[in-house]
Amino acid sequence: MLQVAFIRENKGIVLKGLAKRNVKNAEELIANTLQADEDRRAIQTELDAILAESNKLSKDIGQFFKSGERQKAEILKQKTIQLKEKSKNLTENLQAKANELQELLYLIPNIPNEIVPGGSSEEDNLTVFQEGEIPTLHKGALPHWELAKKYDIIDFELGNKITGAGFPVYKGKGAKLQRALINYFLDKNTAAGYDEVQVPHLVNEASGFGTGQLPDKEGQMYHDAQDNLYLIPTAEVPVTNIFRDVILKENDFPICKTAYTPCFRREAGSYGAHVRGLNRLHQFDKVEIVRIEHPTKSYEALDSMVNHVKGILQELNLPYRILRLCGGDIGFTSALTYDFEVFSTAQDRWLEVSSVSNFENFQANRLKLRFKNNKGKTELAHTLNGSSLALPRILAGLLENCQTPEGIKIPKALVPYSGFEFIN
RNA sequence: GGAGAAUUGGCAGAGUGGUCGAAUGCGGCAGUCUUGAAAACUGUUGAGGGUCACACCUCCGGGGGUUCGAAUCCCUCAUUCUCCGCCA
């Protein structure tokens, strides 16, 4: 959520940013927001004046009662009763106006960074880096879902039976490989200075609002109506919400956290060949990195996160590329996002395995995540997060790119974790 | 699940209807003293709205109510603790 004061003072920048995101009715949206803000402040001022008066009268009444001047007190009482009526109305108006403003603010996405390319769809994302050799596969090479079946390491049908589509069962070396990947990622992240945390997999409404999944993506999360809790779509939600309503000290920065969690996504509206196998699941595993940074350091931090993920993909020997997402494809809350994609050789397409973003103070504003700056003023912090890494598509990439006629050859870096070199 | 107690500023903890945004202690920050530090002493120290700046307004777990006036009384929800029950 943007700060109203920021919108008020930087209308031009905001409109330019919204244009880059192809937001329709941006002019109107901003105009309505500023109007609501102005109205709200006007009502607030009026209400404050009335409250000030009635506070004063109440004190006087107290004095009169003490000094035994009951009649004087009674007269003032009548006055305050009138004020009370007025202030009640104004309070209601204020509440309504504040809600209106809040809802408008929820509709305004983050302002993209200068370097975010224009564009309306994923076609317009900018490839900023690519490395790793795309292997030439042997004859009869298979897509990962066939390999999974052949080696009996992932059972999609069994998941169907137990739960439904998109909830696979990993078996034998498949299950072990999952565990290996999780441990490997966590070890890489902690070695890079991220503190490991284990967090709840269900979150309350306030947390959903804090990181921006609510109200924007309500339908994408599984919801337990009985207790009003949401299954997390990413560890970003519980981990970042650790810092909701927190005022940090300047020397608390940088804060670096990593967490493994399963992720649950309803993926309403997804269909077709692109959701086959591990490409798109309702439940999947992911290791996440989250950073809380001083505003002047957040882009440095973003670069370091990108480099960190790079290092892992290099070590796994997977061909990958990095995209800078365009205005039309970047997430609602993000100011700058880099997507990592691994080439899936047997499917002949790129699969997103990580998304690393700087949210600047957009999340922090909702979270009320602040710090005391060196002038003693509270200021919003910057939040960032990224996958490091998401398992299913890494697994898909590994299975497809590392397949040989003799079986799947596990990358060297993973062998100490998996305990085996081949799946055959 | 049942019974009881509690929830106050960074922490501890006072405050049962007006003079309370809130005593006191600790911690933090600044200063005096010191070669420096410690100790001692002095001052300062919650958040949000509002204002050019003041004024002023709101906030004592969340929400609602009583009252001219609520941290204080009532209702409700949440959380924590103690005892009992059940249990990985």
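Labels below follow one simple rule: chain letters A, B, ... track the order of the sequence lines, proteins then strands, and each chain is numbered from 1.
Base-pair partner of B/G36: not found among the strands shown (Watson-Crick or G-U wobble, both distances under 3.5 Å). Nucleotide B/C52: unpaired (no Watson-Crick or G-U wobble partner with both distances less than 3.5 Å). Under the Watson-Crick and G-U wobble criteria, each requiring two contacts below 3.5 Å, nucleotide B/G9 is left unpaired. The partner of B/G1 is B/C84, judged by Watson-Crick or G-U wobble contacts that both fall below 3.5 Å. Across all strands shown, B/C59 forms a Watson-Crick or G-U wobble pair, both distances under 3.5 Å, with B/G46. Both distances falling under 3.5 Å, in either a Watson-Crick or a G-U wobble arrangement, place B/C68 opposite B/G18. Taking a pair to require two hydrogen-bonding distances under 3.5 Å in either a Watson-Crick or a G-U wobble arrangement, B/C41 pairs with B/G31.
Across all strands, A/T80 comes closer than 4.0 Å only to sugar-phosphate atoms, never to a base (heavy-atom distances). Residue-level contact check: A/K372 touches the backbone only, with heavy atoms under 4.0 Å from sugar-phosphate atoms and none from bases. Among the heavy atoms of the strands, none lies under 4.0 Å from A/D60. Backbone-only contact: A/T378 has heavy atoms under 4.0 Å from sugar-phosphate atoms and none from a base. Counting any heavy atom pair closer than 4.0 Å across all strands shown, A/L76 reaches no nucleic acid atom.
Annotation: of the two residues near RNA chain B, A/K56 and A/T45, the 5′-most nearest-nucleotide partner is A/T45. Of the two residues near RNA chain B, A/D37 and A/K59, the one whose nearest nucleotide lies more 5' is A/K59.
Listed by chain and residue number, A/Y417 satisfy the ring pair (Phe, Tyr, Trp, His ring centres under 6.0 Å) test with A/Y184 (two or more places apart in sequence, or in another chain). When the side chain to side chain donor-acceptor pair (under 3.5 Å) test is applied to A/E250, the partners found at least two apart in sequence or on another chain are A/H294. Take A/N25 and apply the side-chain contact (heavy atoms from CB on, under 4.5 Å) test, not counting sequence neighbours, and it matches A/E28.
Contact detail for A/L105 and A/I7: the closest heavy-atom pair is CD2-CD1, 3.7 Å.
Distance noted for atom C1' between B/A71 and B/C54: 28 Å (whole Å). Remark: the separation of the P atoms in B/G10 and B/G28 is 16 Å, to the nearest Å. Between B/G63 and B/A70, the distance separating the two P atoms is 15 Å to the nearest Å. Of the C1' atoms belonging to B/A12 and B/G4, the separation is 25 Å, rounded to the nearest Å. Using atom C1' as the reference point in both B/U66 and B/U72, the two lie 13 Å apart (nearest Å). Straight-line distance between the P atoms of B/U19 and B/C60: roughly 15 Å, to the nearest whole Å. For B/A53 and B/U42, the C1' atoms lie 29 Å apart once the distance is rounded to whole Å. Taking atom C1' on both B/G61 and B/G9, the two are 14 Å apart, rounded to the nearest angstrom.
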Please set out all donor-acceptor pairs under 3.5 angstrom arising from side-chain atoms of residues 70-80 of chain A, sequence neighbours excluded.
unit_1, atom_1, unit_2, atom_2, d
A/K72, NZ, A/E69, OE1, 3.0
A/T80, OG1, A/K77, O, 2.7

Going by atom type alone, with no hydrogens or angles, which donor-acceptor pairs under 3.5 Å involve a side-chain atom of residues 110-120 of chain A and a protein atom two or more places apart or on another chain?
unit_1, atom_1, unit_2, atom_2, d
A/N110, ND2, A/T333, O, 2.9
A/N110, ND2, A/F359, O, 3.2
A/N113, OD1, A/I115, N, 2.9
A/N113, ND2, A/Y299, OH, 3.0

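In summary, contact between chain A and RNA chain B, defined as any nucleotide atom under 4.0 Å from a heavy atom of the protein, begins and ends at B/G18 to B/G69 in the 5' to 3' direction.
A side-chain donor from one of A/D285 and A/Q178 sits under 3.5 Å from a side-chain acceptor of the other.
Taking the six-membered ring for Trp and the full ring otherwise, the centers of A/F209 and A/Y106 sit less than 6.0 Å from each other.
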